[in-house]
Number of protein chains: 2
Amino acid sequence: MATKYDRVVDLLRTRIEDGTYPAGTRLPAETALAEEIGFTVQVVRRALSELQAEGLIDRIHGRGTWVRQQRRPVERTTERYVWEKQRVHASEEERASTGATERDAGLEVHDLLFEAEYAEVEAPADLAATFEVSTSTKLLRRTYRTRTHGDAPFNVSTSYLPLDLVAANPALLDSTREPWPGGTQHQLFTVGVEVDRIIDKVTARPPRADEVAALDLPAGVAVLVLRKVSIDITGRVVEVADVVLPGDRTQLVYTTQLPRWSA
Amino acid sequence: MATKYDRVVDLLRTRIEDGTYPAGTRLPAETALAEEIGFTVQVVRRALSELQAEGLIDRIHGRGTWVRQQRRPVERTTERYVWEKQRVHASEEERASTGATERDAGLEVHDLLFEAEYAEVEAPADLAATFEVSTSTKLLRRTYRTRTHGDAPFNVSTSYLPLDLVAANPALLDSTREPWPGGTQHQLFTVGVEVDRIIDKVTARPPRADEVAALDLPAGVAVLVLRKVSIDITGRVVEVADVVLPGDRTQLVYTTQLPRWSA
DNA sequence: GAGTGGTCTAGACCACTGT
DNA sequence: CAGTGGTCTAGACCACTCC
């Protein structure tokens with residue numbers, strides 16, 4: 001037999017999908033639901049936690065539980081990489097006018113708030129292996145948070161660059177110059193680097209406690225974790241970035257062009 | 001102040017990472033941990049649930065709790081699409097020798113067990129929109145489960161093809177002919193279709209109860225959900241497939257090749 | 001202050017695994 | 001059978017929101 005909380009999950013999911021509880025409406029309080037259904041509050045709470053994790057409801061401490069409006073996921077495409085590279089040779093004015101993230105989100109550059117934090121760190125083992133350097137090598141670590149006014153950040157990322165590579169341009173070590181017009185590819189261009197290809201590796205997992213706080217995630221939602229590795233035209237790894245994205249608000253889009261059979 | 005279960009999560013995570021509880025060892029029983037730490041069993045249980053969701057431990061009902069061995073994620077690359085297309089013109093013998101999934105997993109074709117189930121369905125709204133057809137249009141729905149001997153499936157997928165497209169080759173309607181040598185791209189080739197590009201859309205969420213059962217997922221792990229849309233050289237959508245992958249055992253790899261600045 | 005969701009306790013009972 | 005993890009209860013208390 002299914003557990004009680006599974007039965008409550010099914011019951012409430014049905015009510016949401018059949019319109020008994022339309023999007024945007026408030027659900028009865030946990031105590032009221034428990035009394036109506038005839039199970040304890042704890043069982044109802046566990047069921048609500050599952051529905052929240054699926055993204056069907058929002059629970060707000062002290063206010064109530066609400067059926068979620070249809071969410072509009074932010075798309076992140078790989079065309080942003082191609083687009084960013086092409087813009088490296090544009091004027092500073094043009095580069096400053098919009099960035100890759102605004103482009104994906106359909107926003108203007110002044111809609112986005114942007115926090116950056118720089119530090120010099122020694123390469124941990126996994127990054128040292130990726131960059132093919134020793135673990136004592138210094139890296140420039142840059143931490144970013146991107147959000148819209150009054151909203152939770154939808155993107156927390158950490159970028160690593162070999163310090164000896166970027167040291168050729170002292171402006172790159174200055175976090176107050178962010179957001180840099182043209183993005184990382186233009187920053188790398190100022191030290192003579194042309195990026196040849198970018199590899200995204202994607203996994204999913206539940207967020208850590210600090211990520212829940214940073215992204216203001218509802219309990220139980222999963223995060224997409226993207227490791228982006230940039231390789232220049234000489235085959236050298238020039239940047240590694242770890243991007244954490246809320247799984248319920250993000251859609252990653254990758255297009256694979258296949259070669260034609262006949263020319 | 002952090003909650004008690006958060007503090008227990010941190011404590012146990014530290015013990016796992018610093019080698020107090022090495023990979024493969026068994027953790028003390030919940031009651032023993034609770035007594036040692038001084039919190040109730042319920043608090044310890046909630047902490048263990050979070051660590052399980054992160055993939056750090058396995059809890060087995062009636063046996064105990066174990067530190068997980070370093071997991072080896074199955075990679076899924078987009079090169080599989082290019083590779084599968086190139087092989088369409090290979091001999092049947094060669095096509096039958098190995099498939100894209102075996103190639104990604106580093107396995108032989110006889111290592112993999114493969115279940116297929118076919119049905120003819122009317123297009124639901126989202127698929128009708130993607131295929132640009134009406135909702136009454138018939139689709140061939142094909143459900144697959146892939147697993148290795150004695151192991152849980154690592155892949156549950158549902159593929160949709162327009163029925164009028166594939167009806168030109170009756171063999172394509174016969175599920176007993178799976179696994180089809182050369183995969184879907186070869187199946188489409190038999191009805192005159194050349195695939196031009198494939199778009200992957202990736203999100204993450206917690207699994208539904210039926211997915212937990214099908215993939216034998218530990219409680220709390222997230223799934224990667226991939227919608228794969230294949231477009232032929234005339235711009236027509238010829239296949240839509242939804243693939244559900246366990247987030248803790250899967251890594252999706254996407255490479256973006258950037259055009260050179262100078263030719 | 002009333003009403004909401006969040007944490008924690010103490011304990012009963014059940015389901016599964018091994019001996 | 002003993003020992004493990006899983007479910008469920010009854011209730012205390014806390015934190016947050018709104019009036």
Side-chain angles (χ1 to χ4, degrees), chain A residues 1-12 21 24-68 150 152 206-207 209 212-213 216-221, chain B residues 1-12 21 24-68 152 207 209 212-213 216-221:
Chain A
M1 187 196 72
T3 57
K4 290 187 178 181
Y5 60 79
D6 269 339
R7 282 184 277 160
V8 177
V9 167
D10 287 343
L11 172 69
L12 296 177
Y21 300 143
T25 57
R26 185 173 154 189
L27 260 63
E30 297 174 347
T31 48
L33 279 173
E35 193 171 2
E36 182 219 323
I37 301 174
F39 298 148
T40 61
V41 175
Q42 295 280 10
V43 169
V44 170
R45 283 185 54 69
R46 171 138 186 199
L48 290 172
S49 297
E50 308 230 342
L51 293 170
Q52 181 179 34
E54 286 181 33
L56 281 176
I57 60 173
D58 280 321
R59 299 159 93 188
I60 305 173
H61 193 175
R63 296 218 314 142
T65 302
W66 313 78
V67 180
R68 215 169 177 177
V212 170
D216 190 30
L217 293 171
V221 314
Chain B
M1 187 195 73
T3 59
K4 290 187 180 181
Y5 59 80
D6 270 339
R7 282 184 278 160
V8 177
V9 167
D10 287 342
L11 172 69
L12 296 177
Y21 299 142
T25 57
R26 185 174 154 188
L27 259 64
E30 299 175 348
T31 48
L33 280 173
E35 192 172 3
E36 182 219 323
I37 301 174
F39 297 147
T40 62
V41 175
Q42 295 281 10
V43 169
V44 170
R45 281 185 55 70
R46 171 139 185 197
L48 289 172
S49 297
E50 308 230 342
L51 293 170
Q52 182 180 32
E54 285 181 33
L56 281 176
I57 60 173
D58 281 321
R59 299 160 93 189
I60 304 172
H61 192 174
R63 296 220 311 143
T65 303
W66 313 78
V67 180
R68 217 170 179 181
V212 170
D216 191 29
L217 293 170
V221 314

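In what follows, chains carry the letters A, B, and so on, assigned in the order in which the sequence lines appear, proteins first and then strands, with residues in each chain numbered from 1.
B:Leu51 has its CG atom 15 Å from the C1' atom of D:dG5, to the nearest Å. The interatomic distance linking B:Glu50 (CD) with C:dG6 (C1') rounds to 13 Å, in whole Å. The distance between atom NZ of A:Lys4 and atom C1' of D:dG6, rounded to the nearest whole Å, is 14 Å. Between the CD1 atom of A:Ile57 and the P atom of C:dT4 there is a distance of 15 Å, rounded to whole Å. Separating the CD atom of B:Gln52 from the C1' atom of D:dG5 is a distance of 10 Å, rounded to the nearest angstrom. A straight line from CH2 of A:Trp66 to C1' of C:dT4 spans 10 Å, rounded to a whole angstrom.
The two residues B:Tyr5 and B:Ala47 come nearest to each other via the heavy atoms O-CB, 3.7 Å. In this structure, B:Ala34 and B:Val44 approach most closely via the heavy-atom pair CA-CG2, 3.7 Å.
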Just the table, please: protein N/O against nucleotides 16-19 of chain D N/O, every pair under 3.5 Å.
from, atom 1, to, atom 2, distance (Å)
D:dC18, OP1, A:Arg63, NH1, 2.9

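The side chain of A:Tyr5 places an N or O atom within less than 4.0 Å of a non-bridging phosphate oxygen (OP1 or OP2) of D:dT7. Checking the phosphate oxygens (OP1, OP2) of D:dG5, a side-chain nitrogen or oxygen of B:Thr65 falls inside 4.0 Å.
Rounding to the nearest 0.5 Å places CZ of A:Arg46 at 8.0 Å from CG of A:Asp6. In this structure, B:Phe39 CZ and B:Ile37 CD1 are separated by 7.5 Å, a value rounded to the nearest 0.5 Å. Interatomic distance, CD of A:Glu30 versus OG1 of A:Thr40, reported as 11.0 Å (0.5 Å rounding). Interatomic distance, A:Arg45 CZ to A:Thr65 OG1, rounded to the nearest 0.5 Å: 8.5 Å.
Partner of B:Leu51 under the side-chain contact (heavy atoms from CB on, under 4.5 Å) criterion, out of B:Val67, B:Leu12, B:Leu27, B:Asp58: B:Leu12 alone.
Inter-residue side-chain proximity for B:Gln42 and B:Lys4 is flagged as unmet; no heavy-atom pair is nearer than 4.5 Å. Within the 4.5 Å cutoff, the side chain of A:Gln52 has heavy atoms near those of the A:Ile57 side chain.
Contacts between residues 26-46 of chain B and DNA chain D, counted as heavy-atom distances below 4.0 Å, involve B:Arg26, B:Ala29, B:Glu30, B:Gln42, B:Arg45.
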